[in-house]
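Model, not experiment: these values are computed from the prediction. We name chains A, B, ... by the order of the sequence lines, and we start the count at 1 in each one.
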Amino acid sequence: MSEMDIFEKQKSIISKLFLLPNKFQTVWDQVFAGEMTLRQWLLTAAVAQCGDTPPTLGKAAELMGSSHQNVKQLASKLQKCGFLSMEKDEKDMRTIRLTLTDKSRVFWERRQEEIRLYFIEIFRELSEEDIEWLYDCINKLYERISKIENVSTK
Amino acid sequence: MDILEKQKYIFGSIFLIANKLQVIGDQYMAVDGMTTKQWFLTAMISQFGENPPTLSEVAELMGSSRQNVKQLALKLEEKDFLKIEQDKQDARALRLKLTERSREFWDKREDKDNQFIKDLFEDLSHEEIDIISKGFEKLFEKIEKMGKSFD
């Protein structure tokens, strides 16, 4: 592979990184008919990821790589719909912790099949092996980009 | 981790990395009064070459709303990097034309910008870059097809 080929591939990756999220969202909106946006689901997944340790807004923002403001907006929306509770931390009254409600759990359990199909469709052109490799390589890219971000935000 | 978990992880990572890339890009270009999103709009318009696209065409390409693209376009117009003109044949359509000033701006920094891009992939081997590139191509083709089947 020539140097030029590699550079073209790098540019293509960057371009797709900006294009894919919007496209994923458009199809999601069509499948879920505006019931819940993709970004609301991503926040739900981020909070669920924290298990028994309800995250703060800051932690959720960090997990999503999003701004505090954006996550606050998403969280408020979820709270209004009864999917999220935002409560003061028992030990530190200034900190707010995000917890998913039973309503949220029930909602997403009912839609597990739709979500599974959504991902099966999106990844249909990739073999299991493709997915394994892509998983490893994306991890590496994520580490590299995080390193750059940490250096430049100091 | 089963396959579905890995798919979700890849999916989530794309959002995450894109967000981080925007933060890094914004910092990199702030000194020149440019943002990552404005750069990306410029790159998308450039793809149309000699035929300036309409606002709708660019919005569709980017999977973004006309409103969002218009806001970005106005910012570029403010800097004299873009001209937003009424289409000669269809008065309702707006054409986006990059200016000479825009071309000069990006030409001048080309080497620096190319290096910035290469740095993003510093720890990755050629094979790893190839794997991500091919993987993203496949995801993109599929999601485009899925999007059209709903039209």
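A 6.0 Å sphere centred on NZ of B:Lys112 holds more than 12 heavy atoms belonging to other residues, nucleotides or ligands. Counting non-hydrogen atoms of neighbouring residues, nucleotides and ligands closer than 6.0 angstrom, the CD atom of B:Gln115 exceeds 12 such neighbours. In this structure, A:Glu113 places its CD atom where more than 12 heavy-atom neighbours from other residues, nucleotides or ligands lie under 6.0 Å away. Atom NZ of B:Lys75 has 12 or fewer neighbouring heavy atoms from other residues, nucleotides or ligands inside a 6.0 Å radius. By the neighbour-count criterion of 12 heavy atoms within 6.0 Å, atom CG of B:Asp2 is densely surrounded, having more than that number from other residues, nucleotides or ligands.
Counting heavy-atom pairs under 4.5 Å between each of A:Ser67, A:Ala46, A:Gly65, A:Ser146 and chain B puts A:Gly65 at the top. When each of A:Lys16, A:Arg39, A:Arg116, A:Arg144 is checked for heavy-atom pairs under 4.5 Å with chain B, A:Arg144 comes out on top. Note: B:Leu139 leads B:Thr36, B:Leu139, B:Ile117, B:Leu61 in heavy-atom pairs under 4.5 Å with chain A. Looking only at heavy-atom pairs under 4.5 Å with chain B, the residue among A:Leu126, A:Thr26, A:Asp136 that has the most is A:Leu126. Most heavy-atom pairs under 4.5 Å with chain B: of the set A:Lys23, A:Glu125, A:Glu132, this distinction falls to A:Lys23. In terms of heavy-atom pairs under 4.5 angstrom with chain A, the leader among B:Phe136, B:Phe11, B:Tyr28 is B:Phe11. In terms of heavy-atom pairs under 4.5 angstrom with chain A, the leader among B:Met1, B:Glu122, B:Glu141 is B:Glu122.
Residue contact with chain B, scored on non-hydrogen atoms closer than 4.5 Å, is absent for A:Gln49. Heavy-atom distances place the backbone of A:Leu63, and not its side chain, under 4.5 Å from chain B. Using a 4.5 Å cut-off between heavy atoms, A:Ser15 contacts chain B through both its backbone and its side chain. Residue A:Trp28: no heavy atom, backbone or side chain, is found under 4.5 Å from chain B. Using a 4.5 Å cut-off between heavy atoms, B:Lys37 does not touch chain A at all. For A:Ser12, the part lying under 4.5 angstrom from a heavy atom of chain B is the side chain only. For A:Leu42, the part lying under 4.5 angstrom from a heavy atom of chain B is the side chain only. Using a 4.5 Å cut-off between heavy atoms, B:Tyr9 touches chain A through its side chain atoms alone.
The minimum heavy-atom distance between A:Leu141 and B:Leu120, with the atom names listed, is CD1-O, 3.8 Å. The minimum heavy-atom distance linking A:Ile131 with B:Lys6 is given by the pair CG2-CB, 4.0 Å. Heavy-atom minimum distance, B:Met146 versus A:Tyr118: CE-O, 4.5 Å. When all heavy atoms are compared, the tightest approach of A:Asn22 to B:Gly63 is CB-O, 3.2 Å.
With a 4.5 Å cut-off on side-chain heavy atoms, B:Lys138 and A:Asp130 count as touching. Under the 4.5 Å side-chain criterion, counting only non-hydrogen atoms from C-beta, B:Lys20 is in contact with A:Tyr142. Taking 4.5 Å as the limit, some side-chain heavy atom of A:Pro21 sits within range of a side-chain heavy atom of B:Phe15. A heavy-atom distance below 4.5 Å is not found between the side chains of B:Lys134 and A:Leu134. Between B:Phe40 and A:Leu19 the shortest side-chain heavy-atom distance falls below 4.5 Å. A:Glu8 places none of its side-chain heavy atoms less than 4.5 Å from the side chain of B:Ser133. Side-chain atoms of A:Ile14 and B:Phe121, non-hydrogen and from C-beta on, do get closer than 4.5 Å to each other.
Using a 30° and 60° split on the angle between ring planes, B:Trp39 and A:Phe18 fall in the perpendicular class, above 60°.
Interatomic distance, A:Ile6 CD1 to B:Ile129 CD1, rounded to the nearest 0.5 Å: 5.0 Å. Taken to the nearest 0.5 Å, the CD atom of A:Glu149 stands 11.5 Å off from the CD1 atom of B:Ile17. Rounding to the nearest 0.5 Å gives a distance of 8.0 Å between CG of A:Leu20 and CD1 of B:Ile143. Distance check: A:Lys147 NZ to B:Asp119 CG gives 11.5 Å after rounding to the nearest 0.5 Å. From B:Leu21, atom CG reaches atom CG of A:Leu17 across 6.0 Å, with rounding to the nearest 0.5 Å. Between A:Phe119 atom CZ and B:Glu5 atom CD the span is 9.5 Å, to the nearest 0.5 Å.
Hydrophobic clustering (ILVMFWY, side-chain heavy atoms < 4.5 Å, transitive): B:Leu4 and A:Phe32 are in one cluster. In this structure, B:Val58 is a member of the same hydrophobic cluster as B:Leu74, with clusters built from ILVMFWY side-chain heavy atoms closer than 4.5 Å.
With salt bridges taken as basic N to acidic carboxylate O contacts below 4.0 Å, none links B:Asp123 and A:Lys140.
Cation-pi check for B:Lys142 over A:Phe123 is not met; the charged atom does not lie both under 6.0 angstrom from the ring centroid and within 45 degrees of its normal.
The only member of B:Ile10, B:Ile131, B:Leu16 that meets side-chain contact (heavy atoms from CB on, under 4.5 Å) when paired with A:Ile138 is B:Ile10.
Of residues 78-104 of chain B, not one residue has a non-hydrogen atom less than 4.5 Å from any non-hydrogen atom of chain A.
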